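Quick notes on the structure that follows.
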Amino acid sequence: MFRKVFIALGGLIGILVLIMVINALQFESLQIEDVPESTYFDFDEEGAIERFAESLTYETVSHEPGEVNEGAFIQFHNFLEAAFPQTFENLEVETVGDFTLLFTWEGTDEGLDPILLTAHQDVVPIESPDSWSHPPFAGEVVDGIVWGRGAVDNKNGVMGLLEAVETMLRENYQPERTVKLAFGHDEEVGGMYGARKVAELLEERGTEVEFVLDEGGFINDDQLPVDRPVAVVGTAEKGIASFELVVEGRGGHSSMPPRETEIGILASAIRSIEDNPFPASVSGPAQDLFRYVGPEMSFPEQMILGNLWLTEPLVIRMFEGSPATNAMLRTTAAPTMMKGSDKDNVMPSEAKIVVNMRIMPGETVESVEEDLKRKIDDDRVNIRHHREYTFDPSPVSEAGTEQFELLQESIMQIYPDVYVSPFLMVAATDARHYVDLSDHVYRFIPADLNEDEFDGLHAVDEQLRSEVYLRMVRFYQQLIMNAN
Ligand SMILES: [Zn+2]
């Protein structure tokens, strides 16, 4: 009897392994082979780097939605006009929402939908200027590195795109397909007055867009177990909402506290949220990532990633260990701002804590609010919106489409030794405002960053090697050419 069960079990396992091996063998590469030679124009590289460095000297800092450092933006726009004379002369230039710029380079074929290439002019504030190796707004170039706030996020995009267009105009290039460039001025604080307004304007005009490319993923080395760096293209981004958990109290003196305090109640609420994480799954862009990168891995890894029907729980277990990969699998909740009373001997009359949520495609602001309520399960904890603006997750742009492959090929023309893959953006970009204009919205910065460059994002010592910036200019030219 036991023997029979044993044999049957062995047979089953054998079949299972066989299926896994077959699936792994059929896990075919989605990378493009035989990428054509690049065709971009050469340009004045030294001048391009100087212009890029100067762009970092304008303090186009965003602090709060609707609050704009006007002087800096006016000066920045004057500088752009002087730096890119051909572009300002030959393209239609519109100012939207005060300081956002929308350029239109009219194509010869009206039948083709335009492409929309975007970046943002604003930057995040400087927390501790004294900790910088080079002043954040000096635009210094030292030993081939351009230093300053905005070098990576995201004046490299604004300047790279303009430099590309200026170069192509100088070479008398004429696109068949219209090219639109949009440079928001408030991305870092939600984009409601910049990108949102551009999107509304284009929607009003009935513009349909072939594809949108905004800032997003980079070319990463060493992040994934493959033999080449991976260019990760955001095909969706998570939603955002901040909820305030509020417990009303009676105040009073701290010498006679009640058994259960306002802050104690809040603490249990947070405990419940952390003990009951949102469900994880390998789906959407995360699954696309494995489909694109998996076939380039070693055979045992292909067995795992090529058989998600069986291995998904294992993969989740592996990935939820690190915050960065965990964020790709599920909705996350991060307690951020906390407030009780202002004095050490006063009980708060109200205690609150803000929980910042990043919402997975498939869920909504509303659904996670309901989930929070269920997890907390305590009527004394009121949940309200902390900010006026919340964003549902973006739709997912399908990978493998003609538009995606055009981007994929353009990347490989400039970076022949990388793999390209879709992925989920866990941070927000202006791209979310543009999702109604096109089914193909991508988030990618064509830059192969090193560790120092990654570390400078929203932090001290933001920097970009000039060689990387030059590759960006080449890439944007190539992309515009390929779209034609
Ligand atoms: Zn940015």
Side-chain angles (χ1 to χ4, degrees), residues 52 55-56 58-65 67-69 72-73 76 80 96-97 99-102 116-127 136-137 146-162 181-199 212-220 231-240 324 327 356 358 389 391 394 423-435 441-449 452-464 468-469 472 475-476:
F52 174 45
S55 77
L56 306 184
Y58 299 92
E59 302 190 22
T60 52
V61 180
S62 277
H63 291 280
E64 286 292 326
E67 232 177 69
V68 181
N69 186 1
F73 276 95
F76 184 50
L80 292 179
V96 184
F99 295 103
T100 285
L101 295 173
L102 173 62
L116 176 62
L117 310 176
T118 75
H120 63 89
Q121 309 169 55
D122 62 321
V123 297
V124 291
I126 307 297
E127 302 269 318
F137 294 109
V146 184
W147 295 82
R149 178 59 90 223
V152 179
D153 188 12
N154 176 232
K155 281 184 174 150
N156 52 348
V158 174
M159 297 300 288
L161 281 164
L162 288 171
L181 311 176
F183 303 133
H185 71 278
D186 63 343
E187 189 278 339
E188 297 292 356
V189 288
M192 294 307 288
Y193 299 94
R196 181 69 248 152
K197 298 282 181 235
V198 172
V212 179
L213 178 67
D214 192 17
E215 64 169 336
F218 297 94
I219 297 169
N220 302 333
V232 288
V233 176
T235 48
E237 67 187 80
K238 287 175 106 174
I240 302 187
N356 184 250
R358 300 303 170 111
Y389 306 122
F391 296 96
S394 77
F423 90 122
L424 174 67
M425 280 289 292
V426 300
T429 70
D430 266 346
R432 68 177 177 275
H433 298 294
Y434 296 120
V435 294
V441 179
Y442 307 120
R443 301 153 186 86
F444 174 67
I445 296 183
D448 48 329
L449 299 190
D452 290 339
E453 288 160 338
F454 265 113
D455 291 347
L457 267 166
H458 285 216
V460 168
D461 277 349
E462 192 170 342
Q463 59 187 283
L464 188 66
V468 180
Y469 177 68
M472 290 183 65
F475 168 83
Y476 287 128

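The shown structure was predicted, so the numbers you read here are calculated from the model rather than taken from an experiment. Read the numbers this way: they start at 1 and go in the same order the structure lists the ligands and their atoms.
- For F76 and H185, the distance between ring centers is not under 6.0 angstrom.
- Around the Zn ion (ligand 1), protein atoms of type N, O or S found under 2.8 Å number 4.
- Judged purely by distance below 3.5 Å, without hydrogens or angles, the side chains of K155 and T60 pair a donor atom with an acceptor atom.
- The aromatic rings of H433 and F391 lie perpendicular to each other, with more than 60° between the two planes, well past the 30° mark.
- A salt bridge links R443 with E237; the closest basic N to acidic carboxylate O contact falls under 4.0 Å.
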* List the steps and the verdict of side-chain hydrogen bond (donor to acceptor under 3.5 Å, both in side chains) for H120 and D153. => CA-CA 8 Å; H120 63 89; D153 188 12; 2.9 Å; yes
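- In terms of modelled atom types and a separation under 3.5 Å, the side chain of D186 and the main chain of P65 share no donor-acceptor contact.
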